[in-house]
Amino acid sequence: MTLQDVRRRGPDFPVGASWDADGIVVCSAGPDSAEIMRISASGGKGEPLVTLKDGYATDAQMLPGGQAVLFTIVHNRDTKIVVQSLKSGERKTLIEDGSAARYVPTGHIVYAVGGTLFAVQFDLRRLEIVGGPVPVIEGVMRDFNGGAEFSIS
């Protein structure tokens with residue numbers, strides 16, 4: 001799905017969400033921009049966290065401590081996994097050509113490339129990858145938009 005496909009669906013078309021005890025993080029795309037918003041667990045109006053002018057965000061996850069968000073940017077079918085500090089606004093590209101990233105309590109990021117899930121150690125304090133990726137599972141199904149079909153519990 002291209003950015004134009006998402007934007008044709010109308011304003012604020014949702015393209016992904018995640019939740020934890022503190023609230024919901026929602027990715028949406030509109031005709032002119034895309035954004036990630038946080039909605040409190042008690043409800044209310046959403047708080048914008050990230051705005052994108054080129055491409056759209058999917059698979060957003062608030063990282064432990066609530067000071068950074070992990071997400072995938074999709075632009076013309078190219079993907080990259082990024083992390084953005086909410087305090088400074090600094091955005092770092094962590095992985096080119098990966099998608100569906102999830103931070104797990106072991107201190108790793110699990111993500112998909114093609115039909116393979118990889119895990120890589122992640123320094124939560126520095127918001128940086130440590131070391132190289134390790135394949136974890138092969139043959140993961142992809143949906144019609146290219147998203148990986150997996151869950152972690």
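With rounding to the nearest 0.5 angstrom, the CG atom of Asp59 is 8.0 Å from the CD1 atom of Ile81. Annotation: the span from Thr72 atom OG1 to Ile95 atom CD1 amounts to 8.5 Å, rounded to 0.5 Å. Here CD1 of Ile137 is found 12.0 Å from CZ of Phe118. Values are rounded to the nearest 0.5 Å. Separation of atoms OH (Tyr56) and CD1 (Ile73) is listed at 12.0 Å; rounding is to 0.5 Å. The line from CD of Gln67 to CE of Met62 is 9.0 Å long, rounded to the nearest 0.5 Å. To the nearest 0.5 angstrom, Thr106 atom OG1 is 8.5 Å from Ile152 atom CD1.
The backbone N or O of Asp78 lies less than 3.5 Å from no partner atom in the side chain of Asn76, so there is not a single donor-acceptor pair. For the pair Ser40 (side chain) and Gly23 (backbone), a donor-acceptor distance under 3.5 Å is absent.
Placement of Ile109 and Leu63 within a single hydrophobic cluster is found when ILVMFWY residues are connected by side-chain heavy-atom separations under 4.5 Å, directly or transitively. Grouping the Ile, Leu, Val, Met, Phe, Trp and Tyr side chains by contacts below 4.5 angstrom, directly or via other members, places Ile36 with Val82.
Nearest approach of Gln61 to Arg102, heavy atoms of both residues: CB-NH1, 3.2 Å. Of all non-hydrogen atoms in Arg91 and Thr51, the two that sit nearest each other are NH2-O, 3.7 Å. For the residue pair Leu124 and Leu127, the shortest heavy atom distance occurs at O-CD2, 3.3 Å. Taking each heavy atom of Ala57 and Phe71 in turn, the nearest pair found is CB-CD1, 3.7 Å. Shortest non-hydrogen contact noted between Gly98 and Thr79 is O-OG1, 3.0 Å. Annotation for Leu70 and Tyr103: closest pair CD2-N, 3.8 Å, computed over non-hydrogen atoms.
Inter-residue side-chain proximity for Leu94 and Val120 is flagged as unmet; no heavy-atom pair is nearer than 4.5 Å. Contact check for Val110 versus Val136: no side-chain heavy atoms found under the 4.5 Å cut-off. A 4.5 Å side-chain heavy-atom check between Arg38 and Leu86 finds at least one atom pair inside the cut-off.
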